[in-house]
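We count ligands from 1, going down the list as the structure has it; atoms in each ligand are counted the same way. Just so you know, these numbers use all the heavy atoms, side chains as well, and skip hydrogens, waters and symmetry mates.
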Amino acid sequence: MSGTGGGGQLWAISDLHIGYAENRALVEQMRPESDEDWLLVAGDVAETVEDIRWVLKTLAGRFAKVVWVPGNHELWTHPSDAVTLRGVARYDHLVEQCRELGVITPEDPYPVWEGPGGPVVVAPLFLLYDYSFLPSGCATKDQGLEYAHGTGVVCTDEHLLHPDPYPSREAWCRARVAETERRLAEVPEGLPLVLVNHYPLHRHPTDVLWYPEFAMWCGTMLTDDWHRRFPVHTMVYGHLHIPRTTWQDGVRFEEVSVGYPREWRKRAQPPGRLRRIVPREDEGR
Ligand SMILES: [Fe+2]
Ligand SMILES: [Fe+2]
């Protein structure tokens with residue numbers, strides 16, 4: 001236990017990308033402050049099942065509870081991975097690995113954080129994206145993709161993230177959104193929610209992207225009002241590799257990514273720093 005009074009803290013991180021040795025070293029050093037701390041891992045742990053397992057097993061051995069949601073990198077059927085499963089079968093396989101390790105996934109009942117700052121329902125979400133964060137001047141996905149191919153900014157998902165058995169990634173996204181909406185509506189009233197998703201549930205964080213066309217691979221307009229419709233304490237996400245806090249309609253959005261070494265080397269903050277979600281960093285303890 002640390003000398004901070006006990007009771008635990010709920011932390012978050014994402015985009016560990018441990019295919020990079022420097023990032024693997026960050027995970028090796030990652031520790032809770034107390035035996036009661038939880039950790040939310042918001043996707044992009046690694047590309048191979050072996051690496052993903054290593055990270056989640058390491059962290060599950062240190063934190064009281066680890067909650068994981070998939071990023072696009074976990075869902076790639078990468079040529080370097082011995083596991084050749086695609087789409088839903090790959091996701092289901094990852095969920096099975098998590099069950100073995102005691103890690104919570106979007107397929108489990110939502111756990112409730114009862115420590116300081118709680119009670120708060122923690123809802124891990126897997127929603128994917130549907131190309132509806134279109135670049136300005138484009139009215140359809142086809143126009144958006146044509147523009148992206150013109151600039152050369154096309155997400156690798158187009159080659160490696162297979163939607164099988166769905167006909168498209170957007171069809172998979174729509175199915176996930178519908179099922180998740182149903183589950184969130186069942187959360188008992190009065191309990192605030194920490195929503196954890198690889199992508200922001202609202203478009204505003206993508207406004208600062210260097211290449212605005214990349215936003216097509218960053219979320220869906222189908223969740224545009226979720227932070228207002230549900231009692232959201234904090235929306236935790238990653239994927240953009242732009243760690244920061246923003247506020248939308250009075251709701252805190254927290255981008256918790258580590259990112260690639262070439263990105264974090266430029267930042268003032270030390271890499272691999274966990275972000276405290278509950279109690280909020282501005283609330284003290
Ligand atoms: Fe990432
Ligand atoms: Fe990502």
Tell me which donor-acceptor pairs under 3.5 Å the side chains of residues 134-146 have, and how far apart each pair is, sequence neighbours excluded?
| from | atom 1 | to | atom 2 | distance (Å) |
| --- | --- | --- | --- | --- |
| Thr140 | OG1 | Gln143 | N | 3.1 |
| Lys141 | NZ | Glu170 | OE2 | 2.9 |
| Gln143 | OE1 | Ala139 | N | 2.7 |

query = So, do Trp264 and Tyr20 have ring centers that fall under 6.0 Å from each other?
reply =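 No, they do not, as the ring centres are separated by 6.0 Å or more.
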request  = Would you please name every residue forming a side chain to side chain donor-acceptor pair (under 3.5 Å) with Tyr129, sequence neighbours left out?
outcome  =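 Applying side chain to side chain donor-acceptor pair (under 3.5 Å) to Tyr129 gives Asp157.
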request  = Output, by chain and residue number, all protein N/O/S atoms separated from the Fe ion (ligand 1) by less than 2.8 Å.
outcome  =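 As for protein N, O or S atoms lying under 2.8 Å from the Fe ion (ligand 1), they are Asp15 OD2, His17 NE2, Asp44 OD2, His241 NE2.
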request  = Determine whether more than 12 heavy atoms belonging to other residues, nucleotides or ligands lie under 6.0 Å from atom CH2 of Trp210.
outcome  =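 Counting neighbours around CH2 of Trp210, 12 or fewer heavy atoms of other residues, nucleotides or ligands fall under 6.0 Å, so no.
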task = Could you tell me whether Arg229 and Glu181 have a side-chain N and a carboxylate O separated by less than 4.0 Å?
result =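 A salt bridge is present here (some side-chain N lies under 4.0 Å from a carboxylate O).
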Listed pairs under 3.5 Å, donor-acceptor, residues 54-67 side chains, sequence neighbours left out:
| from | atom 1 | to | atom 2 | distance (Å) |
| --- | --- | --- | --- | --- |
| Thr58 | OG1 | Trp54 | O | 2.6 |
| Arg62 | NH1 | Val27 | O | 2.9 |
| Arg62 | NH1 | Glu28 | O | 3.2 |
| Arg62 | NH1 | Met30 | O | 2.8 |
| Arg62 | NH2 | Glu28 | O | 3.2 |

message = Which atom name would you report as the N, O or S atom of His198 nearest the Fe ion (ligand 2)?
response =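 Going by distance to the Fe ion (ligand 2), the closest N, O or S atom in His198 is NE2.
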